Amino acid sequence: MTPNAATRQRLAFMSRIVDKEVRLLLDTRRRLFTPDMNAQRLQALESDPVLADRIEAFVSRFWRLQDTVGDKLLPLTLAALGEKVGPFADNLDRAERLGWIASSDAWFAMRALRNQMVHEYVEDPQLLWQAIVAGSQFTDDLVRAALALIDEGRRRGWLDANPPGPAV
Amino acid sequence: MRLSPAQQQWIRDAVAASFGPSARVRLFGSRVDDSARGGDVDLLVELDSPVQHPVRLAAELAGRISRRMHGRKVDVLIAAEGLSEQPIHAVARREGILL
């Protein structure tokens with residue numbers, strides 16, 4: 001099945017967004033996990049606004065990429081392939097079968113982790129540290145899934161179908 | 001309590017699978033209130049021994065339960081030896097219903 005021009009255009013647009021979000025997330029993670037970063041530094045978070053902002057940026061980008069991939073790029077890619085688009089969990093199961101994500105259960109765990117990474121809610125610095133480290137590990141899976149989906153569209157030539165804008 | 005007997009049973013099973021048969025689980029928060037509607041599922045898991053990687057285990061458990069509840073938001077709080085006791089733990093113990 002070849003998706004129509006409007007679907008290809010949406011897919012190309014969403015792939016560009018996801019590609020950008022991947023780069024921003026990886027860049028934020030690199031700036032957060034400097035060699036001197038550790039659980040002790042989280043104890044003084046209230047007097048370290050720069051670090052608090054970095055954590056905030058990492059968590060929100062981790063969060064956003066999950067949503068853009070899971071709620072937008074995945075259903076769009078499934079639809080473009082002529083696969084049934086259903087409830088979120090069903091879409092994840094299809095993504096697992098198609099080899100785009102490692103495990104749909106792990107995806108749900110990654111979503112559940114998000115609340116444990118919000119530093120205003122988590123009062124125990126050790127737990128916050130563990131959550132951020134787990135988020136960093138999940139980031140690798142998330143980025144792999146995002147790139148696998150983009151690659152699927154690219155291999156099929158769907159992302160080149162972006163028609164040029166009006167001539168000026 | 002707004003969880004069906006079947007939901008309570010598979011929550012108990014999921015907790016036992018993640019944390020062993022001696023783990024206790026309490027439901028607290030808005031789901032305890034029979035007059036409310038919908039809402040997140042807040043769980044306190046109490047353990048008698050220390051646990052490695054509590055955050056990751058809590059996220060995995062919350063993810064599994066969330067999936068069974070069609071993506072509804074689930075928060076899992078853990079109380080165990082070696083983990084600091086926060087005010088929310090006391091609230092969860094006071095209000096929580098043992099499943």
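These numbers were taken from a predicted model, which means no experiment stands behind them. Below, chain A is the first sequence line, B the second, and so on; all start at residue 1.
Under the 4.5 Å side-chain heavy-atom criterion for Ile, Leu, Val, Met, Phe, Trp and Tyr, A/Met110 and A/Ile132 are members of the same hydrophobic cluster. Residues B/Leu47 and B/Leu44 fall into different hydrophobic clusters, defined by Ile, Leu, Val, Met, Phe, Trp and Tyr side chains chained together at heavy-atom separations under 4.5 Å. Criterion: ILVMFWY side-chain heavy atoms under 4.5 Å apart, direct or through other members. Under it, A/Ile101 and A/Phe62 are part of a common hydrophobic cluster. Note on B/Ile78 and B/Phe28: separate hydrophobic clusters, where clusters join Ile, Leu, Val, Met, Phe, Trp and Tyr whose side-chain heavy atoms are under 4.5 Å apart, directly or indirectly. At a threshold of 4.5 Å between side-chain heavy atoms, the hydrophobic network of Ile, Leu, Val, Met, Phe, Trp and Tyr places A/Leu24 and A/Leu142 in two separate groups.
Ranked by heavy-atom pairs under 4.5 Å with chain B, the first of A/Ala134, A/Ser104, A/Pro87, A/Ala106 is A/Ser104. When each of A/Leu113, A/Leu127, A/Val133, A/Asp124 is scored by its heavy-atom pairs under 4.5 Å with chain B, the top score falls to A/Asp124.
For residues 68-77 of chain A, the side-chain hydrogen bond (donor to acceptor under 3.5 Å, both in side chains) pairs, not counting sequence neighbours, are A/Glu21-A/Thr68.
Note: A/Arg111 CZ to B/Arg67 CZ = 10.5 Å, rounded to the nearest 0.5 Å. One distance of note links CD of A/Gln116 with CG of B/Leu77; it measures 9.0 Å at 0.5 Å rounding. The line from OG of B/Ser66 to CH2 of A/Trp107 is 14.0 Å long, rounded to the nearest 0.5 Å.
Within residues 84-99 of chain B, the residues having any heavy atom under 4.5 Å from a heavy atom of chain A are, by residue number, B/Ser84, B/Gln86, B/Pro87.
Listed here is the closest heavy atom pair of A/Ala112 and B/Gly63: CB-N, 3.8 Å.
At a threshold of 4.5 Å between non-hydrogen side-chain atoms, the residues A/Gln137 and B/Arg56 count as touching.
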